[in-house]
Amino acid sequence: MCTSFMKELMLGQHQLGTSTIVSRGSLTTPTTDTLKAALYLATATINAATTVYTATGEVTGTGYTAGGVTVTNATAPNSTNTSATAGVAFFTPSASITYTTVTLTTSFDTMLLYNSTQGNKAISVHTFGSQVITAGTFTLTMPSNTTSTALLRLSTT
């Protein structure tokens, strides 16, 4: 999870699900922000210190659009108390992230999840084994939206 994202959550700068915000008169019925997922070369420096989407180090190739793909975001964040002292908030996009009919011949191993509605602010960075794709589909399968497996988890412990 990007460090800047945690602070921005406290400032109310991300709307990962539909919610009525009564403290902001102009946002009494806000909509869910649009999330995107961009892929980065194995040589790129994308990590928890990343604050916004950048094209520097992003993959290029046939069928890939700079900025990545829009993430299906129909699952609202959730929370639970797992004991008297530990609470967990969690969120997973509602569908796998898929890049269809792409040719990416330079090794890539990182995906940046970011909020394109809010100035392309970085949310999280995910790494995986180095990949190369020729005229194929690359799919990042999302984990279950539970306290122990969700893509994003915040805990009080």
Side-chain angles (χ1 to χ4, degrees), residues 1-19 21 24 26-27 29-79 88-146 149-155:
M1 191 173 311
C2 295
T3 306
S4 58
F5 174 69
M6 292 185 284
K7 174 185 169 187
E8 293 159 2
L9 279 176
M10 298 285 236
L11 295 170
Q13 295 179 356
H14 296 273
Q15 187 74 35
L16 300 181
T18 302
S19 177
I21 301 173
R24 298 180 188 167
S26 64
L27 295 176
T29 56
T31 57
T32 303
D33 288 343
T34 298
L35 305 183
K36 295 194 85 176
L39 297 174
Y40 288 86
L41 301 171
T43 57
T45 306
I46 301 292
N47 54 42
T50 301
T51 59
V52 295
Y53 160 78
T54 178
T56 303
E58 187 175 9
V59 300
T60 59
T62 305
Y64 182 86
T65 302
V69 296
T70 300
V71 175
T72 303
N73 183 15
T75 303
N78 205 342
S79 65
V88 178
F90 53 98
F91 168 76
T92 297
S94 56
S96 295
I97 299 170
T98 304
Y99 305 82
T100 56
T101 318
V102 293
T103 297
L104 306 171
T105 58
T106 306
S107 295
F108 64 96
D109 68 355
T110 304
M111 183 269 292
L112 172 68
L113 181 67
Y114 68 97
N115 187 334
S116 67
T117 303
Q118 301 300 327
N120 294 331
K121 292 179 179 184
I123 294 174
S124 58
V125 175
H126 305 274
T127 58
F128 41 84
S130 187
Q131 305 287 316
V132 173
I133 298 174
T134 303
T137 297
F138 179 67
T139 302
L140 292 167
T141 303
M142 292 296 100
S144 299
N145 193 38
T146 68
T149 61
L151 189 65
L152 298 175
R153 289 170 282 162
L154 297 172
S155 175

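Count residues from 1 along the sequence. In this text the structure is predicted, and so the values were computed from the model without any measurement.
Between the side chain of Tyr114 and the backbone N or O of Gly67, at least one donor-acceptor pair lies under 3.5 Å. Distance alone, capped at 3.5 Å, places no donor-acceptor pair between the Thr65 side chain and the Gly68 backbone.
For Thr134 against Thr103, the heavy-atom pair with the smallest separation is C-OG1, 3.9 Å. The two residues Thr72 and Pro93 make their nearest non-hydrogen contact at O-CB, 3.5 Å. Residues Thr92 and Ala150 come closest through the heavy atom pair OG1-CA, 3.1 Å. Residues Tyr53 and Ala38 approach most closely at CE1-CB, 3.9 Å, considering heavy atoms. When all heavy atoms of Thr101 and Thr137 are compared, the pair lying nearest together is N-OG1, 3.8 Å. For the residue pair Leu113 and Val71, the shortest heavy atom distance occurs at CD1-CG2, 3.8 Å.
Under the 4.5 Å side-chain criterion, counting only non-hydrogen atoms from C-beta, Leu152 is in contact with Ile123. Counting only heavy atoms from C-beta outward, the side chains of Met111 and Phe128 approach each other to under 4.5 Å.
One finds the CG atom of Leu35 at 7.0 Å from the OG atom of Ser116 (value rounded to the nearest 0.5 Å). Interatomic distance, Leu151 CG to Leu140 CG, rounded to the nearest 0.5 Å: 9.5 Å. For the atom pair Thr110 OG1 and His126 NE2, the distance stands at 10.5 Å (nearest 0.5 Å). The OH atom of Tyr40 lies 7.5 Å from the OG1 atom of Thr50; values are rounded to the nearest 0.5 Å. Separation of atoms CG (Asp109) and CG (Leu39) is listed at 10.0 Å; rounding is to 0.5 Å. Distance check, rounded to the nearest 0.5 Å: CD1 of Ile46 to OG1 of Thr56 gives 8.0 Å.
Taking the six-membered ring where tryptophan is involved, the planes of Phe108 and Phe138 are perpendicular, since the angle between them exceeds 60° and thus also 30°.
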side-chain contact (heavy atoms from CB on, under 4.5 Å) for Phe91 and Arg153? Distances and angles first, verdict last. CA-CA 7 Å; Phe91 168 76; Arg153 289 170 282 162; over 6 Å; no

Does the side-chain contact (heavy atoms from CB on, under 4.5 Å) test come out yes or no for Thr106 and Val59, once each step is laid out? CA-CA 8 Å; Thr106 306; Val59 300; over 6 Å; no

Yes or no on side-chain contact (heavy atoms from CB on, under 4.5 Å) for Ile97 and Met142, after CA distance, side-chain angles and deciding distance? CA-CA 7 Å; Ile97 299 170; Met142 292 296 100; 3.8 Å; yes

